[in-house]
Amino acid sequence: MKHLILLLPLLLLTACNTAREKAETAAAATLARYAASLETQNIAAINTLFTPDSPERAALVDALATLFTRYTLTYRIDATQTIAYEKNRILLQADMTVARRAGLPFETQYRTDRYELHRTGSDWRIYATQSISTRVSQ
C-alpha cells in the first residue's frame, strides 16, 4: 500500500503527459489538414477547421477566395511547437513554407505563425491565428 501511494503521483503525471501529448498530436493534425486544404484550395474544408465563434473565419474565407483566383500555392508545415496547453485550449507555433505552384509571380515565403486551437467535442479547431514573422527567398 505504501508503494502504491508513492506511485500515485507518478501515475497521475504520466496520465497528464499522455493527455497533453494526444492533444498536441491532434492539434498538429488539424494544422496539417489546414495546410492540405489551403493547397487544394478547399474553402469548405478550411471553414470546418475553424471554430464557429472564430473572430477570423469569415474574413479569412473571403481573403482566400481572392487569393485562390490568383495563385496556386504549396503549403508545407516544417515544424510545430507547443507554446501553451490547457485542457480545452492549445497554442501552437508553426513554421511553414509557402511556394508558388502556378499563377502570378510569387516569392517563396518562410512563415512562422501562432495558432490558438480550441477543443470542440473530440476535435481541435482553429480559433485564431497570429503572424509572427515572414521572410521571402532572395
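Keep in mind that what you see is a predicted model, and the values were worked out from it rather than measured.
Put simply, the side chain of Glu24 reaches to within 4.5 Å of the side chain of Ile90, judged on heavy atoms.
Cluster annotation: Ile46 and Leu73 are assigned to the same hydrophobic cluster (Ile/Leu/Val/Met/Phe/Trp/Tyr, side-chain heavy-atom contacts under 4.5 Å, transitive). Grouping the Ile, Leu, Val, Met, Phe, Trp and Tyr side chains by contacts below 4.5 angstrom, directly or via other members, places Leu49 with Met96. The hydrophobic cluster containing Leu91 does not contain Tyr115, counting ILVMFWY residues as joined when their side-chain heavy atoms lie under 4.5 angstrom apart, directly or transitively. Under the 4.5 Å side-chain heavy-atom criterion for Ile, Leu, Val, Met, Phe, Trp and Tyr, Ile126 and Tyr85 are members of the same hydrophobic cluster.
Residues that satisfy the side-chain contact (heavy atoms from CB on, under 4.5 Å) test with Thr108, not counting sequence neighbours, are Thr97, Ala99, Tyr110, Ser137.
Within the model, atoms CG of Asn47 and CG of Asn42 stand 10.0 Å from one another, a figure rounded to the nearest 0.5 Å. Taken from CD in Gln109 to CZ in Arg100, the straight-line distance is 14.0 Å, to the nearest 0.5 Å. Going from atom CG of Asp53 over to atom OG1 of Thr120 covers 9.5 Å, rounded to the nearest 0.5 Å. Considering CZ of Arg33 and OG1 of Thr40, their distance stands at 13.0 Å, rounded to 0.5 Å. Interatomic distance, CD of Glu116 versus CH2 of Trp124, reported as 10.0 Å (0.5 Å rounding). A distance of 8.5 Å separates CZ in Arg111 from OG1 in Thr129, rounded to the nearest 0.5 Å.
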* Could you please spell out the steps behind the side-chain contact (heavy atoms from CB on, under 4.5 Å) verdict for Ile77 and Tyr34? => CA-CA 10 Å; Ile77 296 176; Tyr34 178 59; over 6 Å; no

* **From CA spacing to verdict: side-chain contact (heavy atoms from CB on, under 4.5 Å), Leu92, Leu117** => CA-CA 8 Å; Leu92 294 181; Leu117 294 98; 4.1 Å; yes

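Among Gln93, Gln81, Gln130, the one residue that satisfies the side-chain hydrogen bond (donor to acceptor under 3.5 Å, both in side chains) test with Arg114 is Gln93.
With Ser54 contributing its side chain and Thr51 its backbone, the two residues share no donor-acceptor pair below 3.5 Å.
The minimum heavy-atom distance linking Leu31 with Ala94 is given by the pair CD1-CB, 4.2 Å. Between Phe106 and Val98, the shortest heavy-atom distance links the atoms CE2-O, 3.6 Å. Taking both residues in full, the closest heavy atoms of Arg57 and Pro52 are given as NH2-O, 3.2 Å, listed atom of the first, atom of the second, then distance.
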Could you pull out all donor-acceptor pairs under 3.5 Å where a side-chain atom in residues 60-69 meets a protein atom, sequence neighbours excluded?
from  : atom 1 : to    : atom 2 : distance (Å)
Thr69 : OG1    : Thr66 : O      : 2.6

